[in-house]
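Everything below concerns the one structure shown next.
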2 protein chains.
Amino acid sequence: MSQQASELFDNFQELTPSEFFRKNKQMLGFTGKIRSMTIVFHELITNSFDAAEEAGILPEIEISLKRVDKDHYVLRHSDNGPGIPEDYIMKVYCTMFAGSKFRNIQSRGQQGLGCSGCVLLSQMTTGEPAKVISSYKEEGELKGVKLEFKMDVKKNKGMLLNRENYEPKHTGVCVELEFKDVSYSMAEQGAFEYIRRTVIGNPHAKIIFTDPTGHKYIFNRAADMVPVLPKEVLPHPKGVTADDLIFMAKHTDKRRFRSLLTSSLSRMSNQRIAEIEEITKIDLNKRPKDMKWEEAERIVEAFSQMNFMAPPTSGLIPIGDEQIEKGMKEILKPEFITATTRKPVTYRGGVAFIIEAGIAYGGDSGRLVNETRKAEIMRFANRVPLTFDQGSCAITESLKSIDWKRYGLRDLDNTPATIFVNIISTQVPYLSTGKQSVAPEPEILHEVKQATMKVARKLQKYLRAKKAAKEEAMRSKIFDDYVPLILKESAALAETEVPEYKEVLAKVTKRSLAELLGENPDKAEEEVEEEFESNKDDGLEATEEEKKKRNQKSNEKKEEQRTLVDRETTLDDI
Amino acid sequence: MSQQASELFDNFQELTPSEFFRKNKQMLGFTGKIRSMTIVFHELITNSFDAAEEAGILPEIEISLKRVDKDHYVLRHSDNGPGIPEDYIMKVYCTMFAGSKFRNIQSRGQQGLGCSGCVLLSQMTTGEPAKVISSYKEEGELKGVKLEFKMDVKKNKGMLLNRENYEPKHTGVCVELEFKDVSYSMAEQGAFEYIRRTVIGNPHAKIIFTDPTGHKYIFNRAADMVPVLPKEVLPHPKGVTADDLIFMAKHTDKRRFRSLLTSSLSRMSNQRIAEIEEITKIDLNKRPKDMKWEEAERIVEAFSQMNFMAPPTSGLIPIGDEQIEKGMKEILKPEFITATTRKPVTYRGGVAFIIEAGIAYGGDSGRLVNETRKAEIMRFANRVPLTFDQGSCAITESLKSIDWKRYGLRDLDNTPATIFVNIISTQVPYLSTGKQSVAPEPEILHEVKQATMKVARKLQKYLRAKKAAKEEAMRSKIFDDYVPLILKESAALAETEVPEYKEVLAKVTKRSLAELLGENPDKAEEEVEEEFESNKDDGLEATEEEKKKRNQKSNEKKEEQRTLVDRETTLDDI
């Protein structure tokens with residue numbers, strides 16, 4: 001009965017990546033009809049953005065989605081990027097694990113699966129080939145080519161079906177794919193909402209979208225400048241493992257290990273090299289290939305004990321509060337908008353990140369649900385909207401930990417507001433391969449909370465002023481004449497009690513006013529209490545003046561929670 | 001400023017699967033120290049089980065975990081399977097996406113990533129090579145070899161460092177791996193708990209585990225029979241897509257499409273072929289390679305309209321209630337144990353599955369938390385314990401939807417009970433790549449609920465009987481003499497009121513008894529109410545006799561929810 005091992009191994013197979021993902025398309029995010037459509041939009045849009053930005057071009061994308069039948073569409077996606085050279089087109093679209101984003105850089109794409117995943121889904125649901133027109137410059141000359149191809153799923157390669165020359169007018173790529181078992185939806189997780197949020201996160205981009213009904217949406221550029229290119233950032237010593245050092249050593253062309261360190265890691269100066277040699281007693285002049293694992297471990301251990309300047313952050317390019325406000329204004333046409341960009345900090349000792357937050361109120365802010373506008377949260381990572389897995393995301397966790405009542409938003413859910421949060425990093429710590437939720441690193445939670453509280457406080461001020469202005473208009477002459485008088489005389493009479501009296505008087509005044517306006521007097525009285533309560537310390541970081549007063553206590557707290565970041569210095573700095 | 005496309009593509013790379021997973025080890029389940037260790041145990045154990053069972057051998061595994069330092073261990077894992085032929089050893093352990101489980105069979109492993117993932121983790125955290133001793137039969141002769149190797153991460157291949165002959169005594173594989181940044185834990189998500197649950201799900205297996213303190217745990221076989229081998233099940237017509245048909249057509253050696261259908265799909269007879277030809281007007285005698293996509297789509301559409309017998313289920317091998325009880329008894333030494341295995345049903349029209357449930361009470365059941373025993377849920381898929389992602393799993397959802405009060409378990413959380421649920425299928429619908437939670441298919445939710453209610457009801461009967469026996473012993477002579485008398489006389493006096501009187505009398509009696517026993521009389525009264533209440537219909541499927549009475553209503557309901565399953569028939573059956 002017992003089979004021989006050799007017989008059992010008759011079934012042994014090696015799958016190529018494309019075969020593997022064909023069996024496991026959920027790993028590419030293609031779960032369910034709506035989500036699959038949104039992911040396709042996501043992959044093509046992020047690819048176009050990354051391409052245009054790297055070439056220093058302001059992105060412009062034109063998308064049209066034509067409905068053929070129920071759950072059956074043709075998608076046409078054009079961009080104005082630098083184009084793809086002919087030899088690389090099928091690698092980009094038919095080879096999984098191929099791409100140019102495997103560097104330590106703030107980018108949207110990361111895995112080399114996006115474009116080929118879309119072609120795979122198209123082929124699996126319709127059997128149709130993909131069509132790509134690419135216009136690009138080669139040695140100063142503008143060239144154009146049109147390819148029609150399919151993916152050979154067994155080989156992880158493309159199969160060319162047709163090639164034509166193409167008369168190019170400007171650089172860019174146009175791709176056409178047909179899909180079935182996908183669904184276009186206006187719901188929160190659908191493709192349209194994805195475009196809308198993408199435009200908010202990328203106000204320098206223009207998107208023209210023609211939906212299946214033929215309706216054309218033009219999302220104009222809200223800002224003109226090209227965002228500064230994210231630079232490739234060298235890994236920080238506090239973030240490397242022994243395995244990383246050995247891997248680098250194995251594949252480097254440097255002759256000495258010390259040169260490998262200074263050229264591959266940030267903040268690595270000759271002074272630091274000397275320090276490492278002293279701590280570990282390892283000669284760093286040796287050849288990289290002679291470095292042993294056990295020595296690499298000791299070097300990593302030394303790193304963790306040494307003081308390095310925080311990682312350089314010039315490679316991180318946030319959107320910026322001004323541009324966030326422009327973007328949100330353009331889309332949401334709110335009554336009130338404010339945004340903030342925090343300073344760079346690090347998580348896990350060595351990875352730099354920046355948090356940005358914004359809040360929009362009124363107008364088209366919030367999400368329309370059965371005639372009511374409800375609060376909506378828009379999460380972004382490196383400017384890419386995170387649509388799914390909201391429940392498990394650190395951003396959501398952080399926002400939930402805020403006591404919104406203190407900011408005058410007692411019922412946040414039913415407030416017509418949009419809260420925007422973006423995390424920028426060379427290494428966004430995603431919870432899983434779907435890249436839709438961020439891991440709850442303590443520093444990230446703290447920064448999101450601080451940024452959001454800051455914008456929430458500004459909204460609160462606005463709402464109060466708005467309400468005060470309304471009340472002002474309604475105030476009767478009698479109160480205007482008498483209240484200050486009573487206050488003054490009473491204060492003179494019972495000086496130490498003035499603060500409390502203010503609260504009592506405010507309550508009396510507000511209650512009467514409420515009854516006059518036909519509102520709820522009890523509620524008005526509660527609001528007074530909250531106002532007086534929230535003027536006490538709520539944990540929001542103090543302004544510069546307040547800081548000096550509270551310096552003694554907060555120094556300790558800050559040292560635990562934040563890494564001070566200096567301006568960038570050269571490698572030879574001490 | 002604008003860079004040429006060709007310059008930008010200088011950075012273009014193609015990663016091998018191993019390079020990719022090195023950068024993304026969370027995709028292999030290696031997130032956090034405790035979980036990483038548990039996943040390593042999981043991968044090696046499931047691989048050994050699958051290997052032994054396919055060869056018809058009762059599995060026996062010996063594992064030892066030695067602590068070298070904090071978060072630093074050496075793991076040694078031996079099994080008694082058929083062994084691995086020398087030429088395949090490095091493919092199994094160093095090539096990602098390679099394996100023998102890519103068939104439509106009830107198996108534990110599925111992706112060809114398990115063993116190589118463990119070697120990758122070992123290498124990334126310690127730089128040490130893997131050591132494997134393999135003893136296997138070749139042409140009737142017993143051979144043995146010892147290999148020491150590392151993974152070439154850039155090439156997705158193994159690099160042999162050393163080879164020795166080995167004197168084998170019996171077939172099997174012994175693998176030794178060193179790890180850092182992993183943690184051995186006795187907590188619910190730790191490796192020990194994983195072994196404990198694995199043994200419950202696999203009572204035919206023997207595991208000997210020596211933990212880092214040197215303590216040796218022997219988990220004996222609870223059952224002797226070799227479980228019948230799961231057979232490879234042909235895909236069911238209602239579960240194939242057009243892409244599947246085209247893919248099969250492209251890679252088949254059959255000359256006619258009709259032969260491809262009858263040999264590749266289950267329930268496909270000549271009668272069915274004729275039916276398909278009539279509906280679609282496609283000549284199925286044509287060569288597979290001539291089949292067009294559009295025709296494949298029409299065939300799939302025809303399948304969905306036709307009546308096929310439900311999928312054959314002989315390929316599905318449940319554990320069986322007897323073996324579940326044996327397994328749970330061995331480990332939990334409970335006061336009470338019961339299990340049930342449901343009949344096969346299908347989800348999504350064409351995929352067969354079986355649900356098994358068990359409940360153990362008292363003894364070592366439940367989980368000890370601060371001196372109290374709390375209820376624990378053990379989820380399994382194809383006998384593999386699902387340790388993580390409990391919150392999102394359909395099994396959990398289903399168990400939560402049960403009204404446990406009806407079964408006498410008012411406070412389920414604080415009940416010393418272990419609830420066991422196992423789903424068997426050729427295609428367990430996992431929610432994500434981690435394969436730790438099951439998708440909430442309606443048929444699956446229904447089956448889990450029914451199976452669990454059935455065992456819960458048996459537990460309830462046991463608990464009642466237990467309590468009644470206790471009360472019996474305490475009953476005083478006075479009650480024994482007088483209650484029957486009162487009952488009889490009152491019944492004679494007011495005959496139509498006897499049922500209610502029973503309840504009233506029962507309450508009076510129980511209250512008095514409770515006070516006598518020093519218990520809470522109000523609680524006793526409540527219990528009487530519940531007893532009378534639960535004797536009404538709770539949704540649990542009726543017994544055979546009850547069924548006949550309620551046939552009219554339940555027929556409709558059943559047709560919606562369940563596919564009737566006939567015994568297996570041959571291909572030529574109508």
Side-chain angles (χ1 to χ4, degrees), chain A residues 1-6 8-9 11-17 19-20 22-24 26-27 51 54-57 82-85 88 91 95 97-100 102-103 111-112 123-128 136-140 153-154 171 241-243 246-247 251 293-294 296-297 431-434, chain B residues 1-6 8-9 11-17 19-20 22-24 26-27 51 54-57 82-85 88 91 95 97-100 102-103 111-112 123-128 136-140 153-154 171 241-243 246-247 251 292-294 296-297 432-434:
Chain A
M1 178 69 200
S2 183
Q3 277 184 281
Q4 293 210 103
S6 41
L8 295 164
F9 276 82
N11 283 319
F12 199 85
Q13 275 182 287
E14 283 179 49
L15 295 190
T16 57
E19 277 182 291
F20 180 80
R22 180 183 168 270
K23 283 176 171 281
N24 292 287
Q26 75 278 2
M27 281 174 86
E54 263 195 277
I57 303 168
I84 303 171
Y88 286 94
K91 289 192 187 187
T95 303
F97 292 157
S100 53
F102 299 118
R103 304 157 287 156
Q111 301 182 113
Q123 206 168 292
M124 281 175 70
T125 56
T126 66
E128 291 295 314
Y136 59 100
K137 276 197 184 141
E138 196 171 72
E139 280 150 32
V153 174
K154 260 215 185 287
T171 61
T241 62
D243 181 57
I246 296 296
F247 193 83
H251 302 288
W293 180 277
E294 180 268 333
E297 282 190 327
L431 270 179
S432 78
T433 66
Chain B
M1 179 69 200
S2 182
Q3 278 184 279
Q4 293 210 103
S6 40
L8 295 165
F9 276 82
N11 283 320
F12 200 84
Q13 277 182 285
E14 284 179 49
L15 295 190
T16 58
E19 276 182 291
F20 180 80
R22 179 182 169 270
K23 284 176 170 282
N24 292 289
Q26 74 279 3
M27 281 175 84
E54 263 196 276
I57 302 169
I84 303 171
Y88 287 94
K91 288 192 189 185
T95 303
F97 293 158
S100 53
F102 299 117
R103 305 155 287 156
Q111 302 182 112
Q123 205 167 294
M124 281 175 70
T125 56
T126 67
E128 292 294 316
Y136 57 99
K137 277 199 183 137
E138 196 172 73
E139 280 149 30
V153 173
K154 259 214 185 288
T171 61
T241 63
D243 182 56
I246 296 296
F247 193 82
H251 303 287
K292 297 192 187 55
W293 180 275
E294 180 267 333
E297 282 190 325
S432 77
T433 67

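The sequence lines fix the lettering, A, B, ..., with proteins before strands; numbering per chain opens at 1.
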Using heavy-atom distances under 4.5 Å, tell me whether [X] contacts chain B through its side chain, its backbone, both, or neither.
X      : result
A/I246 : neither
A/E294 : neither
A/T171 : neither

Kindly give the heavy-atom pair with the smallest separation between [X] and [Y], and that separation in Å.
X      : Y      : answer
A/F97  : B/P17  : CE1-CA, 3.6 Å
B/F9   : A/G83  : CE1-O, 4.0 Å
B/W293 : A/M124 : CH2-O, 3.2 Å

Interface residue of largest heavy-atom contact number with chain A, from B/E19, B/E128, B/K91, B/E138, under 4.5 Å: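 Top option by heavy-atom pairs under 4.5 Å: B/K91.
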Hey, does B/T95 have a side-chain heavy atom less than 4.5 Å from the side chain of A/E14?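 Yes, at least one pair of side-chain atoms sits under 4.5 Å.
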So with a 6.0 Å cut-off around NZ of B/K292, is the heavy-atom count from everything else above 12?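 No - once you tally the heavy atoms of other residues, nucleotides and ligands closer than 6.0 Å, there are 12 at most.
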Top residue by heavy-atom pair count (under 4.5 Å) with chain B, among A/T241, A/I84, A/V153?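 Of A/T241, A/I84, A/V153, A/I84 has the most heavy-atom pairs under 4.5 Å with chain B.
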Largest heavy-atom contact set with chain B, pairs under 4.5 Å, which of A/R22, A/H251, A/E139: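 Among A/R22, A/H251, A/E139, the one with the most close pairs to chain B is A/R22.
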What part of B/T125 gets closer than 4.5 Å to chain A, counting heavy atoms only: side chain, backbone, both or neither?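 For B/T125, the backbone is the part near chain A, not the side chain.
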